[in-house]
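Reviewing the structure listed below.
In this text, all values refer to a predicted model and were calculated from it rather than measured experimentally.
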Amino acid sequence: MTTLDVSRAELALLVAYLNKAEARDKICRAIQYGSKFVSNGEPGTAQNVDKSTSLARKVFRLFKFVNDLHALISPSPRGTPLSLILLGKSKNALLSTFLLLDQVVWLGRTGIYKNKERAELIGRISLFCWLGSNICSTIIELAELGRLSASMKKLEKTLKENDKSKNEQYLEKAKKSKERSLALVKASIDIVVAVGLLQLAPGKVTPRVTGGFGFVSSLISCYQLLPSREKGKPS
């Protein structure tokens, strides 16, 4: 392939990536929390960027609650323990509720919904739902990593050291383990972000800490949405 062909292929991947509404939302999220980190809660340009980007992201999430509502009523994969099924459904219910209530917050900030006090209360309830969904996600990822680790050790007993890199089943499990480890880190970081937004620990989780953690979480989300070819294969 010529340099021009490679450039076209890479540009096509970038266009496909940016055409995803989810990818644009996460890029805006990185801008939002990066601005929060810079402003540290102080009035100014950075805080204005934070607020305007936050409002813009709510438009990206219109009717997004339907996704988790669908996941809530969909059957779980066979072999999943009941405890993990219940945690997964709780996560879907909490996230769907957060996204639904977030639409009311958007209506309040645009002036369509006139009751500002109730809109603020609904916004706080929605953030508690998001906090709960991240706690569920953290527990799920920890449990799933434990299950993966046990199955990989069991598989290792039947494989020689040199066979690991050639065994498709082992490589697939290793890939899933890396993906779940990253998802665990993201969910754990988002718990801190939610605590900061709710001001549950204002002395420790300041706007700058919230912004920093949120920015890192956003970068992880952007990476997770990249085409698998771009992430590379497990060694």
Same cluster (ILVMFWY, side-chain, under 4.5 Å), L94 and F63: no
Indicate, with yes or no, if V185 and L225 share a hydrophobic cluster defined by side-chain heavy-atom contacts under 4.5 Å among Ile, Leu, Val, Met, Phe, Trp and Tyr. yes
Any donor-acceptor pair under 3.5 Å linking the side chain of T53 with the backbone of V49? yes
Lys/Arg N to Asp/Glu carboxylate O, K64 vs E22, below 4.0 Å: yes
Just by distance, do the side chain of K89 and the backbone of L84 share a donor-acceptor pair under 3.5 Å? no
Applying side chain to side chain contact (heavy atoms under 4.5 Å, CB included), name anything that partners S218, two or more places apart in sequence or on another chain. R29, A30, Y33
Would you say V104 ends up clustered with L69 if hydrophobic residues are merged whenever their side chains have heavy atoms under 4.5 Å apart, either directly or through other cluster members? no
Side-chain donor/acceptor of S126 to backbone N/O of G123, under 3.5 Å: yes
Tell me whether N115 contacts the main-chain N or O of R118 through its side chain, where contact means a donor paired with an acceptor under 3.5 Å. yes
For K173, which residues count as a salt bridge (Lys or Arg N to Asp or Glu O under 4.0 Å) partner, sequence neighbours excluded? none
Enumerate, atom names and distances included, each donor-acceptor pair closer than 3.5 Å involving a side-chain atom of residues 204-215, sequence neighbours excluded.
unit_1, atom_1, unit_2, atom_2, d
T206, OG1, V209, N, 3.3
R208, NE, F37, O, 2.8
R208, NH2, F37, O, 3.3
R208, NH2, V38, O, 3.1
T210, OG1, T206, O, 3.0

Determine whether K176 and E179 satisfy the following criterion, salt bridge (Lys or Arg N to Asp or Glu O under 4.0 Å), listing intermediate values before the conclusion. CA-CA 5 Å; K176 286 182 179 179; E179 289 173 350; over 6 Å; no
Report the C-alpha separation of K116 and E120 in whole Å, then their side-chain angles, then the decisive distance to 0.1 Å, and conclude whether the salt bridge (Lys or Arg N to Asp or Glu O under 4.0 Å) test is met. CA-CA 6 Å; K116 290 185 178 181; E120 288 179 5; over 6 Å; no
In terms of hydrophobic clustering (I, L, V, M, F, W, Y; side-chain heavy atoms under 4.5 Å; direct or indirect links), are L182 and L226 co-clustered? yes
